[in-house]
Undergrad: 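Below is a structure I'd like to ask you about.
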There are 2 protein chains.
Amino acid sequence: MKPARDKIPTPTVRRLSLYLREIESLLAQNRLTVSSKQLGDRLSLTDAQVRKDLAYFGQFGHPGIGYRVPELVEELRKILGTDRPWNGCIVGAGNIGRALLPYNRFQRKGFHIVAIFDGDPKVVGTDVEGHKVRPMSDLPGLVAERDIKLAIIAVPAESAQSVADQLIDAGVVGILNFAPVRLDVHDKVSVGDVDLSVALEQLAFQASLGVTGSLDDRE
Amino acid sequence: MKPARDKIPTPTVRRLSLYLREIESLLAQNRLTVSSKQLGDRLSLTDAQVRKDLAYFGQFGHPGIGYRVPELVEELRKILGTDRPWNGCIVGAGNIGRALLPYNRFQRKGFHIVAIFDGDPKVVGTDVEGHKVRPMSDLPGLVAERDIKLAIIAVPAESAQSVADQLIDAGVVGILNFAPVRLDVHDKVSVGDVDLSVALEQLAFQASLGVTGSLDDRE
DNA sequence: CGTTGTGAAATGATTCACAGCT
DNA sequence: AGCTGTGAATCATTTCACAACG
């Protein structure tokens, strides 16, 4: 078994997903091995960085050879938790919520969106991509029944915190938040924020300077 | 004039947008002043962190008082470049592209989406939220004509790099990339990546551990 | 008093450089 | 030869702590 689990640096965790994305693309091309140098070049990282990141989780490299692609894909999926499927739901059937429902990359990664909710009675009951929009009152029942662990919040800022509270009460453990507010959650729940205005603002900032080239650590 | 402009830490730049978001909300409530401590509490940052971040750009605090809200909003907008409007375009009229077009938070922040393009002849010419979808061949002309500086790429991974190249040729200086690939761009263009699968994957990782509480530096 | 701005100290992340494996 | 894993060194960011100010 893996003894590891000290304290993984946050930047390392963010890069793990990028490694997996690259390696999966190599796997699709039937590449057998890849060195830390090659992987680093594709992501503008040093070879040492790549090795150190991966070494936090075990020793899956082969001296003289590099990393075996299929093996590394499997290890990374295990580390990230995507070796098994996750059920999720979307709260908010506005533009963004409806756009995410048919986003088929989620499926391919093992994220299954199994319900969509909305607080507006005029929207509840309508059909979105084959899913009937559910009222918020159905949330606790469906989260339990369908084993929903992740949720995407795509509601206006004003209601986001209340939605988060309901999700957490229902047993959700991870929230992807598109609302432009900081959610207050307790320690057992993790939150990832996607604020599209903030993202554009960052570009405006870079563009207002001479411009740095791309942010050294993107994503 | 501002003499500053040494080397702003990347994490500081990311937080700037969050400061602005909070302060704008305080402004809407007619709060007159805020201390670094109060601002930090709202974002789970230390007061020293807030002060140091802001001090990179000048001295807008008032000892004994804190920061004056309207003044700080103005300063932050100036720093981030959103004191003036930015024109942008969307490339890709799929689910995500179409969802972003009516996203009215962009408008309110001064980001004006003035065109949407798609490479698929079957989609070109159709109407999306009052905008006619344009063919890629119109891109260079419209970018110049409408002074488009920012672009959102919402096309499949395969075409993203080619789209980026065309945008940069046309004169765009910032790209928000929703495609799950790293874009190769030259130094004068900045790129921000939004990979939704990666975002969910990060949640799965946190959820697979005991779970750290929220990522210390979200966003 | 309360609160800023800022050097100095502490913590955290990245890069270097090399022993050791294949 | 080629490449990993890793301690040690460097570099970056955060926190501390306090003088100075309103």
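Labels below follow one simple rule: chain letters A, B, ... track the order of the sequence lines, proteins then strands, and each chain is numbered from 1. Computed from a predicted model, the values in this text were never measured in an experiment.
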Undergrad: For A/Tyr103 and B/Asn95, which I'm curious about, is there any donor-acceptor pair between the side chains at under 3.5 Å?
TA: no

Undergrad: Rounded to the Å, how far apart are A/Leu39 CG and D/dC3 C1'?
TA: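 Rounded to the whole Å, the gap is 14 Å.
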
Undergrad: Could you please name the option among D/dG2, C/dT6, D/dT14 that lies closest to any side-chain atom of B/Pro11?
TA: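 Side chain of B/Pro11 sits closest to D/dT14.
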
Undergrad: Confirm from the modelled atom types if B/Lys52 and D/dT15 form a donor-acceptor pair under 3.5 Å, side chain to base only.
TA: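 Pair found.
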
Undergrad: Have a look at B/Gly61 and say if it touches a base, only the backbone sugar-phosphate, or nothing, with a 4.0 Å heavy-atom cut-off.
TA: sugar-phosphate

Undergrad: Atom CG of B/Leu54 to atom P of C/dT6: distance rounded to whole Å?
TA: 12 Å

Undergrad: Please tell me which of the listed nucleotides, D/dT15, D/dG5, C/dT4, lies nearest to the side chain of B/Ser35?
TA: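 Nearest to the side-chain atoms of B/Ser35, counting from C-beta on, is C/dT4.
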
Undergrad: Return the value, rounded to whole Å, for the distance between atom CG of B/Leu45 and atom C1' of D/dT15.
TA: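 The answer, rounded to whole Å, is 12 Å.
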
Undergrad: Nearest whole Å is fine: how far is C/dG12 C1' from A/Tyr56 OH?
TA: 9 Å

Undergrad: On DNA chain C, does the nearest nucleotide to A/Gly64 precede the nearest nucleotide to B/Gln38 from the 5' side, or the other way round? Give the residue.
TA: B/Gln38

Undergrad: Would you kindly give the CD-to-C1' distance between A/Glu75 and D/dG5, to the nearest whole Å?
TA: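 Rounding to the nearest Å, CD of A/Glu75 and C1' of D/dG5 are 16 Å apart.
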
Undergrad: Would A/Glu201 and A/Ser197 count as a side-chain hydrogen bond (donor to acceptor under 3.5 Å, both in side chains) if you check the C-alpha gap in whole Å, the side-chain angles of each, and the deciding distance to 0.1 Å?
TA: CA-CA 6 Å; A/Glu201 218 165 55; A/Ser197 295; over 6 Å; no

Undergrad: B/Gln49 side chain N/O closer than 4.0 Å to the phosphate oxygens (OP1, OP2) of D/dT15?
TA: yes

Undergrad: Testing the 3.5 Å rule here: is there a donor-acceptor pair between the side chains of B/Asp147 and B/Asn87?
TA: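 Not at all, the side chains of B/Asp147 and B/Asn87 share no donor-acceptor pair under 3.5 Å.
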
Undergrad: Taking atom C1' of C/dT22 as reference, at what distance in whole Å does atom CD of A/Gln59 sit?
TA: 14 Å

Undergrad: Using only side-chain N and O atoms of A/Arg51, determine if any of them is under 4.0 Å from OP1 or OP2 of C/dC16.
TA: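 False: A/Arg51 side-chain N/O out of range (4.0 Å or more) of C/dC16 OP1/OP2.
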
Undergrad: Can you list everything that forms a side chain to side chain donor-acceptor pair (under 3.5 Å) with B/Glu24? Sequence neighbours excluded, please.
TA: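 B/Arg77, B/Lys109.
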
Undergrad: Ignoring backbone atoms, establish whether B/Thr46 has a side-chain N or O less than 4.0 Å from OP1 or OP2 of D/dT15.
TA: yes

Undergrad: Considering heavy-atom distances to DNA chain C, does B/Ile65 or A/Arg15 have its closest nucleotide positioned more toward the 5' end?
TA: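 Of the two residues, B/Ile65 wins.
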
Undergrad: So, OP1 or OP2 of C/dG5: does either fall under 4.0 Å of a side-chain N or O from B/Tyr67?
TA: yes

Undergrad: Taking atom P of D/dT6 as reference, at what distance in whole Å does atom CG of A/Asp53 sit?
TA: 13 Å

Undergrad: Of all heavy-atom pairs between A/Gly94 and A/Asp118, which one has the smallest distance, and what is that distance?
TA: N-OD2, 4.3 Å

Undergrad: Atom NZ of B/Lys37 and atom P of D/dC16: how far apart are they, to the nearest Å?
TA: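 Distance check: B/Lys37 NZ to D/dC16 P gives 12 Å.
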
Undergrad: Quick check on D/dC3: is either OP1 or OP2 less than 4.0 Å from any side-chain nitrogen or oxygen of A/Ser36?
TA: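 For D/dC3, OP1/OP2 do not have a side-chain N/O of A/Ser36 under 4.0 Å.
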
